Amino acid sequence: MDTHPEQRGVVTSPATPRHRPSFKTPAVLYDFMVGEPGPLLHFLASLTLILAVAHALGALSDRVGFAPVVGELLTGLVLGPSILGAIAPAAVAALLPLDDGVAGLASLGLVLLVVLAGTEVDPSRIRGSLGPTVAVAAGATLVPFLGGVALGFALPTAYLPAPSQRLGLALFLGTALSISALPVAARVLVDLDVIDRAVGQLTLTVAVVVDAIGWITLTVVAELVRSGGVDTVAVLEIVALLAAFALVVLAVGRPVVDRLGALAARARSPVLSEFAVVLIVGFAVTAAGVGLGLVAVVGAFLAGLLVGPRSDAETERVLHLVTLGLFAPLFFATAGLEVDLTVLADPAAAAIAVAALVVAILGKVVGVALGAALTELTRAETACLAIGLNARGAMEIVVAAAGLALGVLTPLLYAVVVLVAIATSVMTPPLLRRAVERLPAESAY
């Protein structure tokens, strides 16, 4: 007979003191079981508030002609220090820092949104558009990168963390301004119902290439800042790893996904379904890429390419509902939640922010136009690409956070980069909507 139930973490009676069980029970789960407020209350309160505001602002944005993602992106500013913090600081203090559970769900939003984007891409179109993809991606990356570097060298010394860090700062600004936000582009294309069109497919594939180049550049720049030099061998290893990972996933993954899909079809179970296969493959491939040191969006996009051809209409519907109804709004809303844009109230700081925004927008537009000039893309298609790739979103915020952590960016310059990320993402949906309306009924590249 077991006379020591407390050794197994069992609460024997209501009078028993509520100590943490001896086994490793997650805090939120334990608080839920015993009915105690604490982490669970903060988790649910934060989740409810963020989702409610994100969906409300998303619906309002859609009603006035913007895409819902605009409202979701603005949620972070409304609930963060920039707006609510100026009105009710105590409310922001209660909301921040974010609960680990909410932050984790937001991270899943990034993964699932990119998986969803991958499922919408037709591999045959990718093979048929390698030339335009390479040309546009090269221009969309190189021109804004050079613009950001030039801006970094033009900044007054007073805005640098240290005079000796000007090169590192310039390279970080170039990397941040050259990035494109695949999640934002995917969400806007879905909202506008053009993700299946030729220009939508090309936008996604170019965004993947631009992001991959951006993360490789970020790795190189971070290494330069930390060690004062760049290991050429290490850079080549990263590029080789990325290429090898993509080849292995697409070659080995196809038969695996086919078997899992066949198993789910035979099981006829609501538990083991095509949707479950999408989730398992998406998380597994993303985790494998992250484990190898690659950015999460690379693995997630490859996973979407794998499961897309096997997904039926019901699976696609459920994936859209779950991703766009829960996870994606959390990802976009929390991206700028802890950003304080009030530091840009100073006229000189505001001027730097405007300069960065102009360099970012013009750099991307000019870069896309130069790349498209080498292809047979029409002006209307080039305009759609230039607008769709201009959104930076949370991808640029991640780059800025890395620069802040390394001491290359000051809080002011961090706020400047975040402003560029949000502004370009907010302006993209309405402009892209107008550009899409000018496309011919049948568009090919």
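Remember, predicted model here, so these are calculated numbers, not experimental data. Just so you know, residue 1 is the first one in the sequence shown, and it goes up from there.
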How many angstroms lie between [atom1] in [X] and [atom2] in [Y], if you round to the nearest 0.5 Å?
| X | Y | atom1 | atom2 | value |
| --- | --- | --- | --- | --- |
| L247 | L242 | CG | CG | 9.5 Å |
| F331 | L326 | CZ | CG | 14.0 Å |
| L44 | L49 | CG | CG | 12.5 Å |
| C384 | L439 | SG | CG | 4.0 Å |
| L160 | L167 | CG | CG | 11.5 Å |
| Q201 | T203 | CD | OG1 | 9.5 Å |

Backbone N or O of [Y] within a donor-acceptor pair of the [X] side chain at under 3.5 Å?
| X | Y | value |
| --- | --- | --- |
| K364 | A140 | yes |
| Q165 | V408 | no |
| T141 | A138 | no |
| T375 | A372 | yes |
| S107 | A103 | yes |
| E381 | T378 | yes |
| T323 | H320 | no |
| R392 | L177 | yes |
| T75 | A333 | no |
| R310 | R254 | no |

Are any of the side-chain heavy atoms of [X] and [Y] separated by less than 4.5 Å?
| X | Y | answer |
| --- | --- | --- |
| L306 | F301 | no |
| P68 | D191 | yes |
| V418 | I422 | yes |
| V285 | F245 | yes |
| L84 | V78 | no |
| L370 | V143 | yes |
| F283 | L108 | yes |
| T286 | V298 | no |

Where do [X] and [Y] come nearest, in terms of heavy atoms and distance?
| X | Y | answer |
| --- | --- | --- |
| P430 | V426 | CD-O, 3.5 Å |
| A300 | V111 | CB-O, 3.7 Å |
| L404 | L409 | CD1-O, 3.3 Å |
| P144 | G139 | CD-O, 3.7 Å |
| P81 | T342 | O-CG2, 4.4 Å |
| L113 | F332 | CD2-CZ, 3.4 Å |

Checklist entry - Between L412 and L344, does a side chain to side chain contact (heavy atoms under 4.5 Å, CB included) hold up when you go through it step by step? => result CA-CA 7 Å; L412 171 61; L344 300 179; 3.5 Å; yes

Checklist entry - Hey, mind stepping through L341 and L419 against side chain to side chain contact (heavy atoms under 4.5 Å, CB included) and telling me if it holds? => result CA-CA 7 Å; L341 295 181; L419 175 64; 4.2 Å; yes

Item to check | V149/F172 under side chain to side chain contact (heavy atoms under 4.5 Å, CB included): CA gap, chis, key distance, verdict | outcome: CA-CA 8 Å; V149 171; F172 256 98; over 6 Å; no

Checklist entry - Among all residues two or more places apart in sequence or in another chain, which pass the side-chain contact (heavy atoms from CB on, under 4.5 Å) test with V318? => result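 side-chain contact (heavy atoms from CB on, under 4.5 Å) check on V318 returns F275, E314, V322.
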
Checklist entry - Tell me, which pairs form a side chain to side chain donor-acceptor pair (under 3.5 Å) where one or both residues lie in residues 243-253, sequence neighbours left out? => result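 Output for this query is empty, none listed.
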
Checklist entry - For residues 48-74, which residue pairs qualify under side chain to side chain donor-acceptor pair (under 3.5 Å), counting only residues two or more places apart or in two chains? => result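 Pairs touching residues 48-74 that pass the test: E72-R187.
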
Item to check | Greater than 12 external heavy atoms within 6.0 Å of D312's CG | outcome: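 Enclosed.
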
Item to check | L47 and L330: CA distance, side-chain angles, deciding distance, side chain to side chain contact (heavy atoms under 4.5 Å, CB included) verdict | outcome: CA-CA 8 Å; L47 187 64; L330 282 176; 3.5 Å; yes

